[in-house]
Amino acid sequence: MDILLRLIGLSFFLIVIPVRASTLPVAAFSSLPDVSNVVMSPSGKYVASLVSVRKEDVKGAMVVIYNATQKTPTQVMYTDNRKFVVNWLLWANETHLLISARFPAVRYGNPTTETRLLVFDQSSGATSSIFPGGFLKKQRWVPQFQDQIIDLLPHEPNHILVEASFNTTQKSAVYKIDLRDRSRKRIERDKDRYISWITDRSGLIRLGIYFKDTTYKIMHRAVGSKSWKVLWEYEALSEDRVSPMGFDGDANILFVNAYHEGRMAVFKVDLSDLELHKELVHKNDHYDVSGRLWYSLAQQRVTALDSALTGETVYFDESYQSLKKGIDKVLPDTNNVLLGLSHDERHYLLKADSDIDSGSYYLGDRDQKTLDVVAYRYPILSPELMAEKNKVSYLARDGQKIEAFLTIPNDVDAKNLPTIIFPHGGPISFGGKGFDYWTQYFASKGYAILQMNFRGSYGYGYDFMSAGFKSWGLDMQQDVEDGTRWLINKGLADKNRICVVGASYGGYAALMEARDNSELYQCAVSFAGVSDVAKLVQQQRRYRGYKVAKQIIGSDFSELRKRSPLSGVEDIQIPILLVHGEKDRRVRVTHSKKMYKALTKAGKDVQYIEQENGDHYLSDEKNRHQFFEVMDTFLDEYLGQAL
């Protein structure tokens, strides 16, 4: 075992002695997780993960396979997180580990994000692309996304189904690939505007997702038929949306996401029923329900639902419920989520985390009744040092209730605190409970943090989300301002020590607060923030979702420019920190470049850092460290450190 591998092995068993959070270095919070993307093989014998590598001359991440029987790690593949980043890991079978890689590129002058699917073969120790270079060279079009797996075909464990577009981005075909030799067979021809496919549990392609302009059609092909018919047709942003989630063991039973009493819920539909009646399976009276289905090969049926919003799992099977109760007795202080079960359902992979616990991964054996820790996400961030989030709410100026999450540093009186206003990105997203390294960093400095789910956020039903359509700089922005004023009026925030910080849409919101409400803040930080909303929409014109983007954000470009930070730099009266990755493909770096140029020309107090090889997600640890160090100095200068 070489030195690098020995260092990696430490990440699985490291125990850290707690210290005061305020004495932890900034790098403790800005580091990438020590271990992430943890997945278990079908037998439960192997666990693959992405492990951070931090040597003087080697920095990045290593895909590692841990043999739970022999308790030994094996290194698979290294990346410096600059040329490419590992997206996810997935076991196809006991021998083959699938690895998705993401990297920035340019197509016909347009910046893009590309993905590739790699296969690691345990029997040979080789890693190779699912689509060999020789095959790609013969194609009319090289697919931008090559990691779109639609079925692992558990009944044919050496094969998988992958969808890819070798003609245009407007349609995709399906290929059956033999993982042993990468041979492939096209089993579904590409069809115009069919952008994705869904199989039933036997591996038969049953659904096609059609998309044109702003219209979706869910197309169905019955077993034994060659013809397609429309099940549902709806506009992208309508309340009529019906999103297939997956089939049950019965080939006619389909689980779908659809609105119920204004909120997303889970239903099942019998496709042999001509009226397509939706039978309610699970709802939440307060939040939207969506997520991933669990399908049991042993029981041949859907047995659970992962909730994308709350991070919890709803178990339909009594044995799963009993298992979960037992785990919760052993680990009462964390949110315990099953990440996977072996095919025989006797072994399981568990993640345990909370607001203050960054997360630990466990392997469980139901027969031996054992639960063994195999990895820690951030071992240096001891739960005893972290600060809890508390759910709060306030009324916006028009009476709309806004749910938010307030974090108060440990060992301080909750009054007159230096404060960070921290709107989330998206904006059709959700800020909720759970561990957040940004929040814990701010709390370690003695700051209170308010994270609000302004109008347009996901999770609160159709009306609340749609209230954000074409509302950039309007009600959505006022919800942020009203949250700040609420904290001040409650006596929680020191009105002379408040900074607004955000990333992506949150960066836009931070800059807009600086433009429209400078009197409320002492500084603003924007990471990868939008400065020109009209340009953001226009930059989508060559992409498939352009018309949907115009419906969500707006198409009156003159009006959108008025609601952009770039148009009102003369009104900004507080110091601004701008940081942006040069290879950001979500919000192009030109947004921060132009904002910096305009602020400088107007004589404003502004700092700008452009990160080499940086992306939208701070995937490179060096860039993450740089950003947090610069932000730390910036906040110290304008807010001071409370602890």
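Below, each value reflects all heavy atoms present in this structure, side chains not excepted, and no hydrogens, waters or symmetry copies.
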d(S342 OG, K45 NZ) to nearest 0.5 Å is 14.0 Å
_Does the structure place the NZ or CZ of R116 under 6.0 Å from the centre of the six-membered ring of F84, at an angle of no more than 45° from the ring's axis?_
no
Compute the ring centroids of F166 and F135, then answer whether they are less than 6.0 Å apart. yes
A side-chain contact here means heavy atoms from C-beta on lying under 4.5 Å apart; do D147 and W88 qualify? yes
Take I428 and M465 through the test side-chain contact (heavy atoms from CB on, under 4.5 Å) and record every step on the way to the result. CA-CA 7 Å; I428 303 178; M465 181 187 70; 3.7 Å; yes
The reported gap from CZ in R301 to CD1 in I253 (rounded to nearest 0.5 angstrom) is 13.5 Å
Query raised in the report: How about T79 and V86: do any of their side-chain heavy atoms sit closer than 4.5 Å?
Result: yes
_Any non-hydrogen side-chain atom of K470 less than 4.5 Å from a side-chain atom of M476?_
no
Taking atom types as modelled, is there a side-chain donor on R182 or S128 under 3.5 Å from an acceptor on the other? yes
Next item on the list: Would you please say whether a donor-acceptor pair under 3.5 Å links the side chains of D121 and S123?
Entry: yes
Inset, instruction - Would you check if there is a donor-acceptor pair between the side chains of Q148 and S196 at a distance under 3.5 Å? - result: no
The complete set of side-chain hydrogen bond (donor to acceptor under 3.5 Å, both in side chains) pairs with one or both residues in residues 223-234, sequence neighbours excluded, reads S225-S227
T215-D213 side chain donor-acceptor pair, cut-off 3.5 Å: no
| field | Verdict with supporting geometry, Y315 and L323, side-chain contact (heavy atoms from CB on, under 4.5 Å) | value | CA-CA 10 Å; Y315 298 101; L323 172 62; over 6 Å; no
* Do you see a donor-acceptor pair shorter than 3.5 Å between the side chains of D306 and T313? -> yes
Rounding to 0.5 Å, atoms CD1 (I177) and CG (L117) come to a distance of 7.5 Å
In short, ring pair (Phe, Tyr, Trp, His ring centres under 6.0 Å) pairs touching residues 451-471 with sequence neighbours left out are Y259-Y462, Y287-Y460, H424-F454, F430-Y460, F454-Y505, Y460-F464
*Has R544 got its NZ or CZ under 6.0 Å from the middle of the six-membered ring of F211, at an angle within 45 degrees of the ring axis?*
no
Please confirm whether R107 makes a cation-pi placement over W141, using NZ or CZ under 6.0 Å from the six-membered ring centre and within 45° of the ring normal. yes
Open item on the list: Would you say NE2 of H286 has more than 12 non-hydrogen atoms from neighbouring residues, nucleotides or ligands within 6.0 angstrom?
Closed with: no
So CZ of R186 and OH of Y175: to nearest 0.5 Å the spacing works out to 5.5 Å
query = How about R201 and V302: do any of their side-chain heavy atoms sit closer than 4.5 Å?
reply = yes
Rounding to 0.5 Å, atoms OG (S322) and CZ (R366) come to a distance of 8.0 Å
Flag the pair Y194 / M219 as yes when at least one side-chain heavy-atom distance between them is below 4.5 Å, and no otherwise. yes
side-chain hydrogen bond (donor to acceptor under 3.5 Å, both in side chains) pairs touching residues 237-254, sequence neighbours excluded, are R241-S243
With a sphere of 6.0 Å drawn around NZ of K433, does it hold more than 12 non-hydrogen atoms of other residues, nucleotides or ligands? yes
